[in-house]
Amino acid sequence: MTAKIIDGKKIADKILSELKSKIKNSKQKPGLALVLVGNNPASEIYVNFKEKTCKEVGFYCERFNLDKNISELDLLKLINDLNQKPNLHGILVQLPLPKHINEHLITNSILPHKDVDGFTSLSLGNLMSENAILAPATARAVLHLIESAGTGIEGKNAVVIGRSNIVGKPVAMMLLEKNATVTICHSRTKNPAEHTRKADILVVAVGKPRLIKKDMVKEGAVVIDVGINRADGKIVGDVDFENVKEVAGFITPVPGGVGPMTIAMLMQNTLTAMELAKRI
Ligand code: GUN
């Protein structure tokens, strides 16, 4: 079997062009604040993409590049100011933050209706209780890509590798909500292959280049690769794409899979945040 490639870029482009036409004639533009602290090269690339996409779609965007030594208090003050600005409907603070800053505190200082990342405790709690309004963009991207394969989620064995608060846990919750039987594997899981081989849906989000090999994947599985790693001078995922595609039924490429979809979902969340602001 050779897997069908799930073209995340193509699906994302369609969503972005729909968003663009939706707001083209509207008086109000969705506004997004992008906050980058320090100069982590990967974070800079992600924020550049987000800013570029805002401009392409016609959203209003303000970017804040802050010194890596900024104090927690000054960062809190900035977020407080952004919380008050009516033309900024969404606020995104790119993670990770420098060690001296408490990420949890900063994330939770964003007003819930502006939390386009869906990382505040309230948004994550809403996700747990199946009342998500603004769900994390990467998790939404993963679910969208799985659904695009058309093989269904209900009753399927879904295995998520990685238990981060921003990807693994939200993805697992969303799959559970869709009635999959969900297993989360992580760095202390005894024999991950034992689980992955039973997965009809396999989501990998660990940040280890080509960790998932062909013999770990069930024939016909839907494989979603969230990893973005640099190896051998190129960008590769957490899945050994060239070999795994021989057994999987559907697979996302890296680049061109989850990455562009995540940005499309962030833009959708920003539009949702603008709608929410009208109700407050
Ligand atoms: N760092 C890695 N992924 C993300 C994301 O989706 N949002 C933010 N804010 N930071 C990240």
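Keep in mind that what you see is a predicted model, and the values were worked out from it rather than measured. Residues take their numbers from the sequence shown, with the count starting at 1. Order of listing sets the numbers, starting from 1, for every ligand and every atom in it. Atoms considered below: every heavy atom in the structure, side chains included; atoms not considered: hydrogens, waters and symmetry mates.
For the pair H104/S121, a side-chain contact is recorded, criterion being any heavy-atom separation below 4.5 Å from C-beta on. Side-chain contact between F59 and K29 is absent, with no heavy atoms from C-beta onward closer than 4.5 Å. Considering only heavy atoms from C-beta on, T196 stays 4.5 Å or farther from V204 through its side chain.
Comparing heavy-atom distances from atom 8 (C) of ligand 1 across D117, V116, I91, L97 singles out D117 as nearest.
Residue L145 comes nearest to G8 through the heavy atom pair CD2-CA, 4.0 Å, listed as atom of the first residue, atom of the second, then distance.
Shortest contact from atom 2 (C) of ligand 1 to any protein heavy atom: I166 CD1, 3.8 Å. Taking atom 11 (C) of ligand 1 as the reference point, the nearest protein heavy-atom neighbour is Q94 NE2, 3.3 Å.
Contact between F119 and ligand 1 is present, with at least one heavy atom of the residue lying under 4.0 Å from the ligand.
Heavy atoms of L95 found under 4.0 angstrom from ligand 1 belong to the backbone as well as the side chain.
Numbered from 1 in the order shown, with element, the atoms of ligand 1 that lie under 4.0 Å from a heavy atom of L92 read 9 (N).
Salt bridge K14/E18: present, at least one basic N to carboxylate O contact under 4.0 Å.
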